[in-house]
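One-based numbering, in listed order, for ligands and for the atoms of each. Residues: numbered from 1 along the sequence shown.
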Amino acid sequence: MAAAVSKSTIKSYSKVNLYLEVVNQRKDGYHNLRTLFARINLTDSIFLKTRLDDNLIKIKCNHPRVPLDQRNLCFRSARLLQQEFNLKQGLEISINKRVPVAAGLGGGSGNAAAVLRGLNKLWGLKLSTKKLVALAKQIGSDVAFFIYQEKFAQGFLRGDKIRLLKQLKSLKLWFVIILPGINVSTPLIFRQWDKYSSKKQPGKNGILRKNSRLTGLTIPEHDVKMLTSELKVRGRNVRPEFLFNGLEPVTTQLYPEARRAKSALINEGLNRVLMSGSGPAVFAICSSRIQAKRISKKIQNKYTTWQVYCVSSI
Ligand code: ATP
């Protein structure tokens, strides 16, 4: 009897952070965070095909900046499952990348989660979501969020302790996202944050004071729970001051182009504008799909070296 065809194609999502507060550096070198993720429909496609003759993991990708060896997060997902369950089969992975790389949109993490979920089905592992999340945490901080098929979630600890926001299920946000032609190293941004924050004076809650020192601006109180309630009540009309990213002053100081991208959105009359993750992608929440489409086209025509996307939460 011929062996069953063992291949599948999966969608891999990305995210923006509507809120990102760096709480402190941990003993293990990572940082404790409070964040609010919104999953977006800017996606990669990942094709998986089992290799029955050996246990090698082979990767192809259409994007030159994505590593094809053990550094690839898809490779690490597949290898982890092979090791954990003593599996003998190998895997071919073909990644069709549309999500910009090293942008703050979590494309690599989305890929890692997609491979874990995809192989769970393809290889008939029958792992629970809880087990998949435990594996995801071993690969990277943002991977756990993508295991859940949820639009919005809060993230704590390394960003990998996930609280699903089912109360926001019916909320659809339209975004313009700009990737201003530069790539940012996440570790570098956190190192810079450590440098700045070590100079901070202890404030009522520390974190906010040190960010205001960076920008020279007075920053109002921020809280991920307050933003969650605000989104529940006001939806896309969320008050701009509730959106927050504590890494933004660091990245925009190092990469002024990220600040220019923010200004381009603000100049179009948008005021719910923020950097995502460690950047340099910046986004604006729009009032409608039509507005998001119109403004993304206009900015793309004006700034031809930037990548501009019109996307929604999904
Ligand atoms: P985050 O917001 O989670 O920090 P990011 O959008 O800043 O993520 P990614 O696009 O996930 O960053 O990639 C970060 C780095 O990971 C890249 O520089 C790349 O070398 C490496 N990488 C490994 N595997 C992948 C993958 N499958 N796709 C993209 N990048 C990958």
Note to self: My question is simple, although I want it checked carefully: is atom 26 (C) of ligand 1 less than 4.0 angstrom from any protein heavy atom?
What the structure shows: yes
Check: In the protein, which heavy atom is nearest to atom 9 (P) of ligand 1, and how far is it?
Finding: Ala102 N, 3.6 Å
Notebook entry, point to check: Minimum heavy-atom separation for Ile299 to Ala264, with atom names?
Noted result: CD1-O, 4.0 Å
Check: Would one find an N or O of Gly108, backbone or side chain, under 3.5 Å from an N or O of ligand 1?
Finding: yes
Margin query: What protein heavy atom lies closest to atom 7 (O) of ligand 1? Include the residue and the distance to one decimal.
Written below: Gly104 N, 3.0 Å
Item checked: Region of Val101 that comes within reach of ligand 1 [heavy atoms, distance under 4.0 Å] -> both
Item checked: Proximity of His63 to ligand 1 by residue part, where a heavy atom lies under 4.0 Å -> neither
Check: Salt bridge or not for Arg26 and Asp28, using N-O below 4.0 Å?
Finding: yes
Next item on the list: Return the set of residues passing ring-ring contact (aromatic ring centres under 6.0 Å, His included) with Phe37 (not counting sequence neighbours), or none when no residue passes.
Entry: Phe145
Next item on the list: Could you tell me the residue and atom name of the protein heavy atom closest to atom 29 (C) of ligand 1, and the distance to it rounded to 0.1 Å?
Entry: Lys97 CE, 3.4 Å
Note to self: So for atom NZ, which belongs to Lys161, do other residues, nucleotides or ligands contribute more than 12 heavy atoms lying within a distance under 6.0 Å?
What the structure shows: no
Notebook entry, point to check: Can you list every pair that meets ring-ring contact (aromatic ring centres under 6.0 Å, His included) and has a residue in residues 41-100, with sequence neighbours left out?
Noted result: none
Check: Can you tell which part of Thr186 has a heavy atom less than 4.0 Å from ligand 1: side chain, backbone, both or neither?
Finding: side chain
Item checked: For Gly107, atoms of ligand 1 separated by under 4.0 Å from a heavy atom -> 6 (O), 11 (O)
Next item on the list: Please check if the side chain of Ser14 supplies one atom and the backbone of Thr43 the other of a donor-acceptor pair under 3.5 Å.
Entry: no
Next item on the list: In plain terms, say whether Arg39 and Glu150 are close enough for a salt bridge, that is, a side-chain N and a carboxylate O under 4.0 Å apart.
Entry: no
Next item on the list: Check each heavy atom of Cys61 against ligand 1 and say whether those closer than 4.0 Å belong to the side chain, the backbone, both or neither.
Entry: neither
Check: By number and element, which atoms of ligand 1 are closer than 4.0 Å to a non-hydrogen atom of Asn72?
Finding: 23 (C), 24 (N), 27 (N)
Next item on the list: Determine the minimum heavy-atom distance between Met275 and Gly277, stating which atoms define it.
Entry: CE-O, 3.3 Å
Check: Among protein heavy atoms, which lies nearest atom 1 (P) of ligand 1, and at what distance?
Finding: Asp142 OD2, 3.6 Å
Checklist line | Which of the ligand 1 atoms, numbered from 1, are nearer than 4.0 Å to a heavy atom of Ser109 | finding: 3 (O), 11 (O)
Check: Does any N/O atom on Pro67 come nearer than 3.5 Å to any N/O atom on ligand 1?
Finding: no
Check: With no hydrogens and no angle check, do the side chains of Gln25 and Trp193 hold a donor and an acceptor under 3.5 Å apart?
Finding: no
Check: Out of curiosity, is Arg76 lining ligand 1, as in a heavy atom under 4.0 Å away?
Finding: no
Notebook entry, point to check: Does an N or O anywhere in Leu105 fall below 3.5 Å from an N or O of ligand 1?
Noted result: yes
Notebook entry, point to check: More than 12 foreign heavy atoms under 6.0 Å from CG of Leu68: is that the case here?
Noted result: yes
Check: Looking at Ala261 and Ile178, what are the two nearest heavy atoms and their distance?
Finding: O-CD1, 3.6 Å
Item checked: ligand 1 contact on Leu73 by region, counting heavy-atom pairs under 4.0 Å -> both
Check: Counting each atom of ligand 1 from 1 as listed, which ones have a heavy atom of Arg65 under 4.0 Å away?
Finding: 20 (O)
Margin query: Give me the nearest non-hydrogen protein atom to atom 2 (O) of ligand 1 as residue plus atom name, then the distance to 0.1 Å.
Written below: Lys15 NZ, 3.1 Å
Margin query: Heavy-atom count check: over 12 atoms from other residues, nucleotides or ligands less than 6.0 Å from Asp54 CG?
Written below: yes
Next item on the list: Within a distance under 4.0 Å of any heavy atom of Asn111, pick out the atoms of ligand 1 and give their elements.
Entry: 26 (C), 27 (N), 28 (N)
